[in-house]
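For reference, the structure discussed in these notes is given below.
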Amino acid sequence: MREKFDKLVGSRFGVIADKFINSPLYSVAVGAVCLVSHFFDIPVVGAVLLALLLVPALLFCKNSFTLAPFLLMCAFVMSRNTQPDTGYYNTPLKITALCLALVFVAAALIFNLTYFGKWKKIFKRSYLTVSLALVSGVLVVGGVGTEWYTLSGMGMALAIAITMYLPYSLLVNCGEYNGRKTVEYFAFAVIVAAFVIGADFMRQYVINDLGVSSDRWVIKECLKLGFVGPNTGSAIITLAIPLTFYLVYVYKHGYLFVPLIALDLLLIVAAISRASFVIAAPGTFVVAVALCFKKKDGKLGYWIAFGLACLAVAAVAIVFRHKIADVVKELFSSDFTGTGRTTLWSKGFEAWKGAPVFGIGLWYLRLNGEWFYSFHCTPLTYLYCAGVVGLLAYGYHRCKTVRLIFSAKLTTERVFVALTVLAMLLNALLDIAMTSPTHLLYYGVMLALIECDVKKTKADAAVSASADDAAASVAPDAVANKTAYKK
C-alpha cells in the first residue's frame, strides 16, 4: 500500500501540483475563488472550489506551510447575504455539497498526517506551547462562577484557543522552513487576502454610491462584508503593509511594490478605520524612510519611487486640502472618548471590580447588548475577562515572544515578520484583533515563522562553527605535513 501511495505522490501530476502549490500563484487562485464567491453570493460553490484546491495540497505537499493561504482566506467565501444566520444553507443540495467537500478534505488531511508522519509531531511541545496554552486557557475559565459565564462564551474562548494554537503547532512542527522562500510565500498570501478585502470595499463604495460626504455610519454599515467588517478588514490590510515592504527590500526592483502600500493606506482611510490608520500611517512612514538607508539592491529605483510618493502625497494634500480636512475630522470624530471605546473600558472596569482575580468572562458584553465580546484593547480584555490571572498570563506570553525574536541573530525575514506582529498588536490596543479567530490564524502562522527562523539561524550558526573548528584542526596537520615534505 505504501508503494502505491509513493507512486501517487511522486507522479508527474503530483510533482506539478506540488510546484504550483508552493508558488504565489496558489495564493492568487485561493483569493480569486474567494473574490468571486462573495461577489456573486455563491459560498457553497466557493467552498467546493477551495476544497478542490486544498485536497492536492494535502495529498502532494509535505510542507505544511502550503496550508497558509487556505487558513488565511477560507472564511472569505461567505458574503453578508449568505451568513449562517440567514438560513441560506438550509437546503438538501447545499448541505450535501458542503458535507461532501468536508469529507474529501478530512480524508486528505488524514492521509497527510499519516503518510508524511505528521501525526507523531503535530502536538510536540515547542518554545511557545506553554505560554499559548496559558494565554488561551485563561479565557476559557475566565468568569467562572459569575453571572456572566455562559457556554457561548466558553465556546468562543475555545475557538480563540484553537485558532491561536493549532496553526502555530502544525507549522512549527511540520512545516519546512526555507527562509526567504517561505516568508515570501506568506507575504504574497497576506497581500492577496488584503486585495480580496479591498476589492469588496471598493465594490461597496460603487454599488452604494458612497463618497467623502457620506455619513460615517452609513459607510461602516455598507462595509460589513459578512466575512469581515470595516475594522477587522482594515486590520488585515494593515498586516499586508510591512510584508509588502519586505518584498520591496528583498527584490532588486522591489520599488514596483510601493503603489500597493499606497493602495493599502487608501483602503484603510476609505473604511474609516481609525485604529488601523493611527498604526499604519506613521508605521509606513518610518519603515519607508528606514529603507532609504537599509535597502541594498535597487536603491536608486527605491529612492526615486519614495521621492515620487512624497511628491504625490504633497500634491494631493494641497489640491484636496479641504476634502482631506473633512475626512480627517470624520475619521477621528468621537468614539475614542466619550461614547465609544472609553465607555466600554469604564463599563468593563466597573464589572471587573466585582471579580478582580478571575474576571467577568468573555461573553459579558454580549449579554449586555453591547458591541462585541472584546473590550477593544487586548490587555484590558484579558484583565476584565480573565482577571489579574489573565493579564499575568498575557504578559508572560508577550515576554516569551519578545525573547524568542531576539534569541538568535536577527535576519531580514524575522525582522519583517516581527514588524507585522507588532502592527497587529498595536492595532489590537484599540480593536479586537487578539480576540478574533480570523486574525488569530494570521498570528499563529507568524509565530511559527519566527520560531522556525530562529531554529534555522541557530542551526546554520552551529554548522558554520563546526566547519570553522574542522578547518582549525586540519590547519596544524597541514603545516606539519608541509614541513616533513620539505625535509
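Remember, predicted model here, so these are calculated numbers, not experimental data. Below, all heavy atoms of this structure are taken into account, side chains as well, without hydrogens, waters or symmetry copies.
Residue F285 places its CZ atom among 12 or fewer non-hydrogen atoms of other residues, nucleotides or ligands, all under 6.0 Å distant. More than 12 heavy atoms of other shown residues, nucleotides or ligands fall within 6.0 angstrom of atom NZ in K455. Within 6.0 Å of OH on Y394 lie more than 12 heavy atoms contributed by other residues, nucleotides or ligands. Shown here is I207, whose CD1 atom has more than 12 heavy atoms of other residues, nucleotides or ligands within 6.0 Å.
H38 places a side-chain N or O within 3.5 Å of a backbone atom of C34 that can act as its donor or acceptor partner. Under the 3.5 Å distance criterion, the side-chain polar atoms of Y185 are left unmatched by any main-chain donor or acceptor of P69. A donor-acceptor distance shorter than 3.5 angstrom exists from the side chain of N208 to the backbone of Q204, with no hydrogens or angles considered. Of the possible donor and acceptor atoms, one in the side chain of T381 sits under 3.5 Å from a partner among the backbone N and O of F375. Not one N or O on the side chain of S234 forms a donor-acceptor pair closer than 3.5 Å with the backbone of N231. Within the 3.5 Å criterion, the main-chain N or O of I122 finds a donor-acceptor partner in the side chain of S169. Y89 places a side-chain N or O within 3.5 Å of a backbone atom of T82 that can act as its donor or acceptor partner. Looking only at distances, a side-chain donor or acceptor of Y205 sits under 3.5 Å from a matching main-chain atom of A270. Side-chain N or O atoms of R414 include one that pairs as donor or acceptor with a backbone N or O of I405 at under 3.5 Å. Looking only at distances, no side-chain donor or acceptor of R125 sits under 3.5 Å from a matching main-chain atom of V130.
The heavy-atom pair separating T146 from G143 by the smallest distance is OG1-O, 2.6 Å. Of all heavy-atom pairs spanning A433 and H439, the tightest one is O-CB, 3.3 Å. Listed here is the closest heavy atom pair of Y177 and V183: OH-CG2, 3.7 Å. When every heavy atom of S131 is checked against every heavy atom of H397, the shortest pair comes out as OG-ND1, 3.0 Å. Pairing each heavy atom of A280 with each of L265, the nearest pair is CB-CD2, 3.8 Å. The two residues P437 and T163 come nearest to each other via the heavy atoms CA-OG1, 3.5 Å.
Every residue two or more places apart in sequence or in another chain that forms a ring-ring contact (aromatic ring centres under 6.0 Å, His included) with F111 is listed here: F5, Y115. By the ring-ring contact (aromatic ring centres under 6.0 Å, His included) test, F257 is found to be paired with Y251, residues two or more places apart in sequence or in another chain being considered. Partners of Y249 by ring-ring contact (aromatic ring centres under 6.0 Å, His included), not counting sequence neighbours, listed by chain and number: F416.
Between L383 and P356, every side-chain heavy-atom pair lies at or beyond the 4.5 Å cut-off. T238 places none of its side-chain heavy atoms less than 4.5 Å from the side chain of D264. You'll find the side chain of V135 stays beyond 4.5 Å of the side chain of Y396, heavy atoms only. Residues C174 and F116 are not in side-chain contact: their nearest non-hydrogen atoms beyond the backbone lie 4.5 Å or more apart. Under the 4.5 Å side-chain criterion, counting only non-hydrogen atoms from C-beta, V417 is not in contact with D453. Annotation: side chain of M446 is in contact with side chain of F186 (closest heavy-atom distance under 4.5 Å). Using a 4.5 Å cut-off on side-chain heavy atoms (C-beta onward), Y442 and L72 make contact. At least one side-chain heavy atom of S126 sits under 4.5 Å from a side-chain heavy atom of Y168.
Rounding to the nearest 0.5 Å places CH2 of W217 at 9.5 Å from CD1 of I272. Between the CG atom in L134 and the CG atom in L128 there is a gap of 11.5 Å [rounded to 0.5 Å]. Rounded to the nearest 0.5 angstrom, T150 OG1 and W148 CH2 are separated by 12.5 Å. The CD1 atom of I236 sits 4.0 Å away from atom CD1 of I197, with the distance rounded to the nearest 0.5 Å. Summarising the geometry, atom CG belonging to L139 is positioned 5.5 Å from atom CG belonging to L362; distances are rounded to the nearest 0.5 Å. A distance of 9.5 Å separates OH of Y364 from CG of L344, quoted to the nearest 0.5 Å.
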| field | Residues L58, F70; criterion side-chain contact (heavy atoms from CB on, under 4.5 Å); working and verdict | value | CA-CA 11 Å; L58 294 170; F70 176 83; over 6 Å; no
| Given the rule in the side-chain contact (heavy atoms from CB on, under 4.5 Å) test, do T378 and L425 qualify, once you have shown the distances and angles that lead to the verdict? | CA-CA 8 Å; T378 303; L425 295 177; over 6 Å; no
| task | Could you walk me through whether L225 and F201 pass side-chain contact (heavy atoms from CB on, under 4.5 Å), step by step? | result | CA-CA 8 Å; L225 308 180; F201 278 177; 3.7 Å; yes
| message | The test is side-chain contact (heavy atoms from CB on, under 4.5 Å); show your working for L267 and M202 and say whether it passes. | response | CA-CA 8 Å; L267 290 170; M202 292 298 97; 3.6 Å; yes
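Ion pairing between D200 and R203 holds under the 4.0 Å rule for side-chain N and carboxylate O. One finds a salt bridge joining R80 and E221 here, because a Lys/Arg side-chain nitrogen approaches an Asp/Glu carboxylate oxygen to under 4.0 Å.
For the 3.5 Å distance criterion, the side chains of Y246 and E184 fail to qualify, holding no donor opposite an acceptor. K118 and N173 share no donor-acceptor pair across their side chains, judged by distance under 3.5 Å alone.
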